[in-house]
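Single-structure report; data block below.
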Amino acid sequence: MQEQPLEAFTREPKIAYFSMEIGLSSEIPTYSGGLGVLAGDTVRSSADLKLPMVGVTLLTKKGYFRQELDDSGRQIELPDEWEPRMFMTPLPERAAVSIEGREVMVGAWLYVVESVTGGRVPIIFLDTDLPENSGEDRGITHHLYGGDEAYRLKQEIVLGIGGVRMLDELGFEIKKYHMNEGHSSLLTLELLRIHKRDIEEVWDERLVWDAEKVRGLCVFTTHTPVEAGHDKFSYDLVQRVMDELIPLGVIKEFGGEDRLNMTLLGLNLSNYINGVAKRHRDVSRGMFPGYEISSITNGVHSFTWTSGSFRALYDKYLPGWANEPEIFVRIGRVPDEEIWAAHMEAKRTLIDHVNRETGAGMDYDTLTIGFARRATAYKRADLLFSDVERLRRIGTGRIQVIYAGKAHPKDEPGKRLIQRIFEIREALRGSINVVYLKNYDMALALKLVSGVDVWLNTPLRPYEASGTSGMKAAHNGVLNFSVLDGWWIEGHIEGYTGWAIGPPPGVPSDPEKDAEDLYRKLEDVVIPAFYNDRKHWIRMMQNAIGKVAYYFNSHRMMRRYVTEAYIR
Ligand SMILES: *Cc1c(COP(=O)(O)O)cnc(C)c1O
């Protein structure tokens with residue numbers, strides 16, 4: 001229980017960081033995946049660096065969902081209820097938003113991210129589950145990514161509009177609003193309303209809307225390289241659910257003529273816009289021609305994503321690393337045997353966990369490949385199984401494979417992918433040990449990214465905007481074996497920091513060639529290096545730490561947000 005008066009946080013102006021989901025810990029299931037974990041790493045680094053930040057998100061009291069898997073790999077979704085009172089403090093203040101003509105009250109909870117440096121970042125969790133609201137409205141902040149379009153729009157009204165009003169109610173002075181993806185873009189409309197020009201005689205209605213002023217306050221980060229991934233609402237729905245905060249004509253001017261496109265709204269009303277990797281910036285420029293789109297490549301919070309054994313190792317040889325990951329540049333000081341010992345300790349922890357959970361009988365010495373991410377078609381979790389017989393030939397007695405990942409409840413192809421992996425697990429029984437662990441969350445992620453030998457990623461390009469789990473792996477000396485998409489284009493040096501799968505970035509993707517390359521390299525390069533050239537393997541582990549973790553951390557990312565986005 002953290003009990004801090006809010007006054008400590010409202011004395012100086014803040015950057016408000018808005019995110020639909022934030023991954024603070026496994027016990028607080030208000031995140032679904034990469035976007036939320038990135039938000040968590042953002043606030044953790046901000047606390048370490050003592051940045052003047054306040055986070056705003058939804059309470060989502062029933063979480064995303066807890067995943068069970070039956071014997072055939074069918075996903076069962078259970079509510080993931082948690083008790084906010086165990087982690088945060090309810091605040092007495094209220095804000096109001098209008099939804100379907102009703103006044104809906106929004107409450108707030110205060111969670112404080114505390115750093116060992118003494119830095120502290122308050123997170124405001126918005127909550128409509130209040131006695132003053134009707135039954136339906138109380139549920140608006142219950143489920144992360146649940147419900148239908150109307151439900152999503154209501155959540156976005158609470159987050160964007162309610163969030164701005166709540167910050168004001170709590171006494172915060174905000175100098176920048178950072179939208180982590182389009183879910184919070186409605187905040188721009190509230191800012192337009194607040195900063196409306198006071199013109200006596202209006203000869204042109206549009207002149208009262210001070211878009212320039214709002215742009216100066218807003219920063220927008222896009223995360224989605226797929227057109228369908230951007231939230232869009234029909235204006236029928238918008239008019240039914242949202243009150244006329246500002247005239248529809250003005251909304252259309254910024255949010256699109258045909259439908260309210262939350263990304264477009266964010267882009268039109270921000271004067272700093274970025275993608276989350278260089279390649280993603282280029283893809284985004286193609287999707288939204290005419291906008292000035294920069295890039296700040298994602299990073300992960302070094303301390304959070306380093307296993308106990310590597311933390312101890314870094315403390316011994318690289319003191320200060322956690323708040324200054326640049327110190328990884330001196331990884332060459334660490335003796336090979338100690339790197340390997342730290343790795344084996346993390347690996348034993350994972351293998352013991354796997355055997356306890358599944359009875360799979362995995363062993364410590366077999367080359368272990370990990371693949372854990374959202375189960376959705378473009379991630380191609382089954383690329384490794386494109387040719388089962390070939391894999392059997394290459395891998396029998398030489399590899400074991402650990403999978404994990406949730407499929408969104410409405411993503412049927414994603415769910416079938418999990419079942420397919422279960423089928424192939426059966427087909428390979430007796431030759432290659434494959435397991436699928438249920439309920440992938442942050443705690444399991446740390447075990448996986450630190451305990452396997454190779455971290456596999458096989459997305460269909462260019463759909464991986466950045467990806468971050470491979471950066472976590474690198475913090476633990478685990479080698480990436482991945483398609484050249486997202487961040488890996490920037491982190492990959494062949495045979496040095498890890499290995500690529502498939503063609504270089506400029507060459508169009510071909511699934512068959514990707515699979516061919518995966519098998520060939522696994523057989524000729526990865527497996528032989530692991531079993532026959534341990535010295536080279538450990539050199540690559542050092543490079544993963546000294547080059548990849550050195551750069552792909554959220555301290556570097558936040559310093560760049562400060563200098564490129566916040567201070568301008
Ligand atoms: C880091 C993380 C992710 C994001 O990893 P990707 O490489 O982007 O798939 C998703 N889920 C959890 C639980 C994580 O810890």
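Numbering of residues begins at 1 and proceeds along the displayed sequence. Remember, predicted model here, so these are calculated numbers, not experimental data. Ligands are counted one by one from 1 in listed order, and the atoms in each one are counted from 1 as well.
- The Arg373 neighbourhood of ligand 1 comprises atoms 9 (O), with distances under 4.0 Å to a heavy atom of that residue.
- Nearest protein heavy-atom neighbour of atom 10 (C) of ligand 1: Gly34 N, 3.5 Å.
- With 3.5 Å as the limit, one finds a donor-acceptor pair spanning the side chains of Tyr364 and Asp352.
- One option in Lys406, Glu464, Lys379, His223 has a heavy atom closer to atom 9 (O) of ligand 1 than any other, and that option is Lys379.
- Here the two rings, on His408 and Tyr145, have centers that are 6.0 Å apart or farther.
- At least one N or O atom of Thr468, backbone or side chain, sits closer than 3.5 Å to an N or O atom of ligand 1.
- Phe371 and Tyr403 have tilted rings, their planes meeting at an angle from 30° to 60° on a 0 to 90° scale.
- Less than 4.0 angstrom separates some heavy atom of Lys472 from each of these atoms of ligand 1: 1 (C), 2 (C), 3 (C), 14 (C), 15 (O).
- Contact atoms of ligand 1 toward Asp441: 13 (C) (distance under 4.0 Å to a heavy atom of the residue).
- At under 3.5 Å, a nitrogen or oxygen of Ser469, whether backbone or side chain, sits near a nitrogen or oxygen of ligand 1.
- Stacking of Arg373 on the aromatic ring of Tyr440 is not recorded, the 6.0 Å distance cut-off and the 45° axial limit not both being met.
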Would Trp340 and Trp537 count as a side chain to side chain contact (heavy atoms under 4.5 Å, CB included) here? Give the steps. CA-CA 10 Å; Trp340 190 251; Trp537 190 277; 3.9 Å; yes

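- Using bins of under 30°, 30° to 60° and over 60° for the plane-to-plane angle, the ring pair Tyr314/Phe328 lands in the perpendicular bin.
- When only interatomic distances are considered, the shortest N/O to N/O separation between Tyr31 and ligand 1 does not fall below 3.5 Å.
- Proximity of Trp455 to ligand 1, defined as any heavy-atom pair under 4.0 Å, is not found for any part of the residue.
- Ser554 and Ser45 are linked by a side-chain donor-acceptor pair at a separation below 3.5 angstrom, with hydrogens and angles left out of the test.
- Counted by atom type alone, Ser302 and Asn553 present zero donor-acceptor pairs between their side chains at under 3.5 Å.
- Closest protein heavy atom to atom 11 (N) of ligand 1: Tyr440 CE2, 3.5 Å.
- Every atom of ligand 1 is numbered from 1 in the order shown, and the set under 4.0 Å from a heavy atom of Ala445 is 15 (O).
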